[in-house]
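Residue numbers begin at 1 in each chain, while the letters A, B, ... track the order of the sequences. Bear in mind the structure is a predicted one, so any value in this text is a computation, not a measurement.
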There are 4 protein chains.
Amino acid sequence: MARNVIKDQQQRELRRNQILTAAASVFTKRGVAVAKISDIATEAGLSYGHVYNFFESKEEILTVLVQSSQERYTELLKEARVGSGTVIDKLRWLISQYMHSSRTGTMYWVVLQAQATEVLSPEEKEAIHRNVHLNRDLLADILRDGQAEGTIAEGNPVELATLLLTLFHNTAMWEYRGFGEPSDLVIDIMLRLVVNNPSK
Amino acid sequence: MARNVIKDQQQRELRRNQILTAAASVFTKRGVAVAKISDIATEAGLSYGHVYNFFESKEEILTVLVQSSQERYTELLKEARVGSGTVIDKLRWLISQYMHSSRTGTMYWVVLQAQATEVLSPEEKEAIHRNVHLNRDLLADILRDGQAEGTIAEGNPVELATLLLTLFHNTAMWEYRGFGEPSDLVIDIMLRLVVNNPSK
Amino acid sequence: MARNVIKDQQQRELRRNQILTAAASVFTKRGVAVAKISDIATEAGLSYGHVYNFFESKEEILTVLVQSSQERYTELLKEARVGSGTVIDKLRWLISQYMHSSRTGTMYWVVLQAQATEVLSPEEKEAIHRNVHLNRDLLADILRDGQAEGTIAEGNPVELATLLLTLFHNTAMWEYRGFGEPSDLVIDIMLRLVVNNPSK
Amino acid sequence: MARNVIKDQQQRELRRNQILTAAASVFTKRGVAVAKISDIATEAGLSYGHVYNFFESKEEILTVLVQSSQERYTELLKEARVGSGTVIDKLRWLISQYMHSSRTGTMYWVVLQAQATEVLSPEEKEAIHRNVHLNRDLLADILRDGQAEGTIAEGNPVELATLLLTLFHNTAMWEYRGFGEPSDLVIDIMLRLVVNNPSK
DNA sequence: CATGAATGAGGCTTCATTCAT
DNA sequence: TATGAATGAAGCCTCATTCAT
């Protein structure tokens, strides 16, 4: 009997996403280098051998995961920039989105390991590096907008961006470090880093 | 004869420290889970078998390294608190010390991996967790001092401490992420997070 | 209705032969142990799962292939023996047939692997061995005929047969070894091995 | 205590040769693709993990083995050419050496598998091919010498060489095919292929 | 009949750790 | 003390085979 090709495709896509989701979870909880393919398979609810019908290797899973996470973040940054309100409002929205989006938030830890560790080949690390810089520059652009409109403090926008992202990216890791989940209130404190203080 | 014993002891201590230094370097560059004992031995300039005359296991090396790094940081925090000047001055000194001390600075990356990854046993991770909280509380104490003297902004001192350390700890990792070495100027920007702004 | 059953049977036989032909090709090109069921299925133009509707296992495909090749060779030998002309003529015809029949020729390489390798069980190997000896003996019979008629040199006919078959069987492998396709002229050279040289 | 460096070197060389010898044996008996590293290790009398302290991979073992076997054969051919007596004598010596040298003789089967099978990469196969042709040409040179001295039959020397080597190489495999060990008498029969028959 | 999703046995390879020298 | 040979647990990956559709 012939198969239902369309349903097969959907099922396949579903499986693939299950694996990616499971991988994100396992990479986050156990660490990228420590995570086993069989851990991922178990978490995804399939046999370890089947994972290889979707991905070439553990490395590829990591690469795909990091790439898509970085792309999603890029979209978020672009969306933030064209949003409404002052740049401060935009940043508040951006950070809130970042911290609450389960994917982006927890994925920072995975990206960090992929970038600062030798689990991937130099070429793959280089690609990640490029995207990290791209995204930093997008954040810097937003800050530059804010300096133009007077809501963001003076200073090298790239440096300010680096500081700001260092802060809110890592805040998303608080729960993994036993610091508890950060409240939304911390966003305003973070923004003190870059907000223009007219009183000085 | 007695002389030799003492010299032997010193020699042994020297070797041990060479290994620890090498381990810190290799753990930082390659990643804790990826690092091989033979990498460490090579970097330390001895044979891999000899490493086991100083440490029980790779796990022990990591544990000792993390522990001593955390203790050094504890000392730094205590020293900062009893320093001279306002709390702002003390924080400036603290962060500067943290970022420039090659040991403390790069060790954050190792501690982070040890804490948020399953390379160590739950018990060992628990010990690290305790020290992380201890140190955060010490930083919070300093901030509380500052709130009392009026130089630090209002707000939950533990939360402020968590934000501040999240920022300056991770700034020490900039070079591993391709963000370049942070200048001393960033310290004042970081402090905007917690400094009291009397103009409001 | 009855028609359909017959047609189905033919269709099934066709499929089966496609698989065997594909298997012969893949076994020859890639090696028996290296060949994958999916390689064979692809070459035969069907899905890998479907192969199991015709054969129990990879082992069975190989066994059937070898068996039928050996049987065909047996037929060839019998046909040669009852042919017309001198034994020299018969051998010339036999070798020519062997080398040009795509099946017999390339199949020698498969049989050799099956016989001298542990891809098959000892029992299956034993069966192949028996057929190999059977066929050698048939060739020896032909040589004996030739000795009787005076066209074949003296000597142990089994030994002569073994030498002769060693030569022409392996000549069929020249193209796989980069020696190019042998010309028909080589047959007469081969026959020097066994031809009676009245001049001595 | 310092090690005995010289003895270590010798021991290491010994081990390496044990592995190669074991590999030749296992590859011959079980088949190159079927042979397991652990089979080789067991036969060599060491643990499977230790094999990797001498060779990168199973592929490398095979390559080294084939290469050295081909080189040994090249030497044999060169030695034969400069030997004493007629070319017929030289060939008799050559074939006898080939068939009795346990290494060269049984290694043909391994070389054949490596050359006609996809266990090695195309590059490695290409290198083997080159050596096979080189050695065939050396044999052709000897035959050409014989044609000059009148002891070898007319005809394309490369073709004659190919036929002759096809015969005596594969004769070395008789025992693996259940044909029993060939007697020395067969050598003279083999030589009929190429010997000049003055009577014609 | 046909397809390819799914499983898991089994081989390859790495590397922490032990131990003879 | 110092070296590196030796071991084998454990993870990666392949692919024959099964089975739902």
Side-chain angles (χ1 to χ4, degrees), chain A residues 1-5 7-9 11-12 14-16 33-41 44-61, chain B residues 8 11-12 15 33-41 45-61, chain C residues 8 11-12 15 33-41 45-61, chain D residues 1-5 7-9 11-12 14-16 33-41 44-61:
Chain A
M1 189 68 85
R3 299 292 213 58
N4 182 335
V5 176
K7 200 175 155 199
D8 273 16
Q9 274 305 323
Q11 179 68 21
R12 199 176 162 75
L14 190 66
R15 279 292 198 204
R16 196 184 142 94
V34 178
K36 290 179 282 180
I37 287 282
S38 61
D39 293 331
I40 297 172
L46 37 73
S47 69
Y48 60 85
H50 202 20
V51 172
Y52 291 91
N53 291 324
F54 297 88
F55 299 95
E56 289 281 328
S57 62
K58 182 176 153 181
E59 238 184 35
E60 197 202 336
I61 297 177
Chain B
D8 280 5
Q11 177 68 21
R12 196 178 162 76
R15 281 291 203 198
V34 177
K36 293 181 279 183
I37 287 285
S38 61
D39 292 332
I40 297 171
L46 36 73
S47 68
Y48 61 84
H50 203 15
V51 171
Y52 288 88
N53 291 323
F54 298 89
F55 297 95
E56 288 284 326
S57 64
K58 182 177 159 182
E59 219 171 297
E60 196 202 338
I61 297 177
Chain C
D8 280 5
Q11 176 68 21
R12 194 177 161 75
R15 282 291 204 198
V34 177
K36 292 181 278 183
I37 287 286
S38 61
D39 292 332
I40 297 171
L46 37 72
S47 68
Y48 61 84
H50 202 17
V51 171
Y52 288 88
N53 291 323
F54 297 88
F55 298 95
E56 287 285 327
S57 63
K58 182 178 158 181
E59 220 171 296
E60 195 202 337
I61 297 177
Chain D
M1 189 69 84
R3 297 294 212 58
N4 182 335
V5 177
K7 201 175 154 198
D8 274 17
Q9 275 305 323
Q11 179 69 22
R12 200 175 161 74
L14 191 66
R15 280 293 199 201
R16 195 184 143 94
V34 177
K36 291 180 278 178
I37 286 283
S38 62
D39 293 332
I40 297 171
L46 37 73
S47 69
Y48 60 85
H50 201 19
V51 172
Y52 291 90
N53 291 324
F54 297 89
F55 298 95
E56 290 280 327
S57 63
K58 182 176 156 182
E59 238 184 34
E60 196 201 337
I61 297 178

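- D/I37 places its CD1 atom 11 Å from the P atom of E/dT14, with the value rounded to the nearest Å.
- Look at OH on A/Y48: it is 8 Å from C1' on E/dT7, rounded to the nearest Å.
- When each of A/H50 and C/Q11 is assigned the nucleotide of DNA chain E with its nearest heavy atom, C/Q11 is the one assigned upstream, toward the 5' end.
- Each of F/dT3, F/dA6, E/dA5 was ranked by its minimum atom distance to the side chain of D/S47; first place goes to F/dA6.
- The nearest whole Å value for the distance from the CD atom in D/Q9 to the C1' atom in F/dT3 is 13 Å.
- Here the closest heavy-atom approach between residue C/V34 and residue C/D39 is recorded as O-OD2, 4.4 Å.
- If you check every strand for non-hydrogen atoms under 4.0 Å, B/A35 touches sugar and phosphate atoms only.
- Regarding B/F54, its CZ atom lies at a distance of 10 Å from the P atom of F/dT3, rounded to whole Å.
- Base pairing of E/dA20 is made with F/dT3, judged by Watson-Crick or G-U wobble geometry with both donor-acceptor distances under 3.5 Å.
- Atom CG in D/D39 sits about 8 Å away from atom P in E/dG11, given to the nearest Å.
- In this structure, A/R12 satisfies the cation-pi test against A/F54, with its NZ or CZ atom closer than 6.0 Å to the six-membered ring centre and inside 45 degrees of the ring normal.
- Side-chain proximity of A/K36 to the nucleotides F/dG11, F/dA2, F/dT17 is greatest for F/dG11.
- As rounded to whole Å, 10 Å separates atom P of E/dT7 from atom CG of A/N53.
- Checking side-chain atoms of A/K58 against main-chain N and O of A/A33 turns up a donor-acceptor pair under 3.5 Å.
- In this structure, A/K7 and C/S38 both approach DNA chain F, and ranking their closest nucleotides by distance from the 5' end singles out C/S38.
- Going from atom OH of A/Y52 over to atom P of E/dT7 covers 15 Å, rounded to whole Å.
- A/I37 approaches A/Y48 most closely through the heavy-atom pair CG2-O, 4.2 Å.
- Comparing F/dT17, E/dT3, F/dC12 by their nearest atom to the side chain of C/L46 picks out E/dT3.
- Between B/E60 and B/E56, the shortest heavy-atom distance links the atoms OE1-N, 2.5 Å.
- Contact check, D/R12 against F/dG4: no side-chain N or O comes under 4.0 Å of OP1 or OP2.
- Between B/I61 atom CD1 and E/dT17 atom P the separation is 9 Å, expressed in whole Å.
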